[in-house]
Novice: 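Before I ask anything, here is the structure I am working with.
Computed from a predicted model, the values in this text were never measured in an experiment. Count residues from 1 along the sequence.
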Amino acid sequence: MGHVLEKSYIHKEKRQTKRPFVLASVMLAMFMGAIEATIVSTAMPVIVGELGGFSLYSWVFSSYLLMNAVTVLIYGKLSDLFGRKPIIIIGIIIFLIGSILCGFASSMTMLIIFRLIQGLGAGAVLPIATTIVGDIYTIEERAKIQGYLSSVWGISAVMGPAIGGLLVEYASWHYVFWVNIPLGILAIFGIVKFLHEDIEKKKPQIDYLGTILLTVSISILMLVLVEGGTRWAWTSPIAISLFVISFIAFVFFVFQEKRAPEPLMPFNIWKVRSILIANIASLTTGVMLIGISSFLPAFVQGVMERSPIVAGFTLTTMSIGWPLAAWSAGRLLLKVGFRTTSILGGVFLIVGSIMFATLTPEGGPLWAASGSFLVGAGMGLTLTSFIVSIQSTVEWQQRGIATASNMFMRNLGNTIGAALLGGILNNRMMHYFRENGHSDSKDLSIDSTNILLNEDERNKLAGGLKVLLQDGLTFSLQSVYYTVLIFAIVSFILVLLLPKKDQNSAI
């Protein structure tokens, strides 16, 4: 019955919606978010070099990802109630407002606050765009179209770091945020004009309490992961108390979702084994993704002493490997199934992570770029498999929240990863300074690493201090990438637990 309704809906959409133009508009909206990620990662060393506050480095990513992670479920639920069109438009508008404000930031604190606004809008863009494609294309077509969507990451990967590098070197880092404005306006125009929905709108029953509890739980967890081991000892009363509060808030969230008439996270979809494993695996890959993309440019620029453009190149290869693998996944899914395709992706993730764990300054940007490519290929194979599998398992009425649940878990992984790995980076750097006799030095701290990211100031450093800072950053990042490797292994184990037969029946 579910498939009959789905086909009826698709045919109705074919008569009303101009699919090629909608696909182009959706890809443009996704491109806006994708190019933002690559540009900001490339420009962050320069931004920190100008604004200062290296200890807040991970918060620039964490604040954006926090709002993204929390709101993605809300937008997914609202899209099931009111349709995809109004929700994605609202998300794009909020994202553009945040982008404009980020460009005007004059301190790291302001930038972090404005990134919260940007993340508030971004929570709607990727999941709703992916859901729209699931609505207007058949199950057989989705595997192929997912390859097209993933090509967005490849294009943004080539253009993003190059544009970001050129802007920070020859103009100003402020423009890396403002480049989104024309893209967002065009995406809104295309969606308004060409996407037509015939949805039976329901009276909203928004789960406000669930939203508050989830926000509190994630925010407190992120705070203690970033500051634990640096500002507070892991076993200190404040760190333990925050962990307990975060856990209690999450437990109440689970109880709330079971009793809410329109839950923010309907747990019935998690009863399907393939969805459960895909979502948990997406969390682990989210941790990996943020760990590599956030800190690699700082290593290439600060330790290898390469330009922002070269640093961007090492990330570009990840986003080239991603769409190539996703395009291949679209064909592999129909031939060998979700599980085999995901296992192949898991292998790529492990091999790429091993390359990062063994990364040294002597290895040069090419070694880093090769590791990025392999990780990107692994992401393309696994995440494409997860999305197509999930969308073909549920009916239209739950496709928005089902897609959003997977995006939520990946975003949650990004949020936890930015906080956890940022905390590990800061902790290991302070440990390195103490081990080398600088624990009581008033003129040396984590923020001293800012100097490495500014070429002029770096060249003024005394030889011994420069080597100390570079060795400290190398030592710290190796700990980060060993952690990334652990998450890659966990992801592979989870993929092995996927059911051998694909589940394509609606719940």
Side-chain angles (χ1 to χ4, degrees), residues 31-65 95-96 98-119 122 153 155-183 289-319 365 368-369 372 414 418 422 447 449-458 473:
F31 179 75
M32 178 183 70
I35 198 171
E36 173 69 9
T38 54
I39 284 183
V40 172
S41 294
T42 304
M44 268 309 296
V46 175
I47 295 174
V48 174
E50 180 177 323
L51 300 182
F54 185 82
S55 60
L56 298 175
Y57 193 107
S58 62
W59 277 106
V60 175
F61 298 97
S62 296
S63 59
Y64 174 86
L65 295 168
F95 182 85
L96 292 180
S99 298
I100 293 170
L101 292 173
C102 283
F104 286 112
S106 58
S107 69
M108 285 290 281
T109 301
M110 288 179 64
L111 181 60
I112 290 169
I113 293 172
F114 295 150
R115 287 279 282 175
L116 280 168
I117 299 174
Q118 203 179 26
W153 297 95
I155 296 171
S156 68
V158 174
M159 296 181 62
I163 294 174
L166 290 172
L167 287 175
V168 297
E169 285 195 12
Y170 300 109
S172 170
W173 61 263
H174 303 274
Y175 292 96
V176 304
F177 296 102
W178 295 336
V179 75
N180 294 314
I181 298 171
L183 301 177
L289 184 61
I290 200 68
I292 293 169
S293 60
S294 297
F295 302 113
L296 185 58
F299 183 80
V300 175
Q301 289 181 238
V303 179
M304 294 184 179
E305 299 187 19
R306 304 301 179 102
S307 69
I309 293 178
V310 173
F313 164 75
T314 60
L315 284 181
T316 297
T317 55
M318 177 190 291
S319 297
S372 290
N414 286 337
D447 286 332
T449 313
N450 293 336
I451 303 171
L452 293 178
L453 306 181
N454 186 308
E455 184 178 0
D456 293 334
E457 293 185 20
R458 183 175 66 225
L473 185 56

Novice: Using the six-membered ring wherever Trp is involved, compare the ring planes of F104 and W178 and label them parallel, tilted or perpendicular (cut-offs 30° and 60°).
Specialist: tilted

Novice: Any sub-3.5 Å donor-acceptor pair from R115's side-chain atoms to V60's backbone N or O?
Specialist: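 Yes.
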
Novice: How close do S99 and F177 get, heavy atom to heavy atom, and via which atoms?
Specialist: O-CB, 3.3 Å

Novice: State, yes or no, whether a side-chain contact exists between V310 and M304 at a heavy-atom distance under 4.5 Å.
Specialist: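 No; the side chains remain at least 4.5 Å from each other.
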
Novice: If every non-hydrogen atom of G98 is compared with every non-hydrogen atom of I117, which pair is closest and at what distance?
Specialist: CA-CG2, 3.7 Å

Novice: Sub-3.5 Å donor-acceptor pair from the side chain of S372 to the main-chain atoms of T317, do we have one?
Specialist: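 A pair under 3.5 Å: no.
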
Novice: If you look at every heavy atom in L96 and N180, which pair is closest and at what distance?
Specialist: CD2-O, 3.5 Å

Novice: Which pair of heavy atoms, one from A122 and one from F95, lies closest together, and at what distance?
Specialist: CB-CD1, 3.8 Å

Novice: Considering all heavy atoms of both residues, which atom of Q118 and which atom of C102 are nearest to each other, and what is their separation?
Specialist: OE1-SG, 3.9 Å

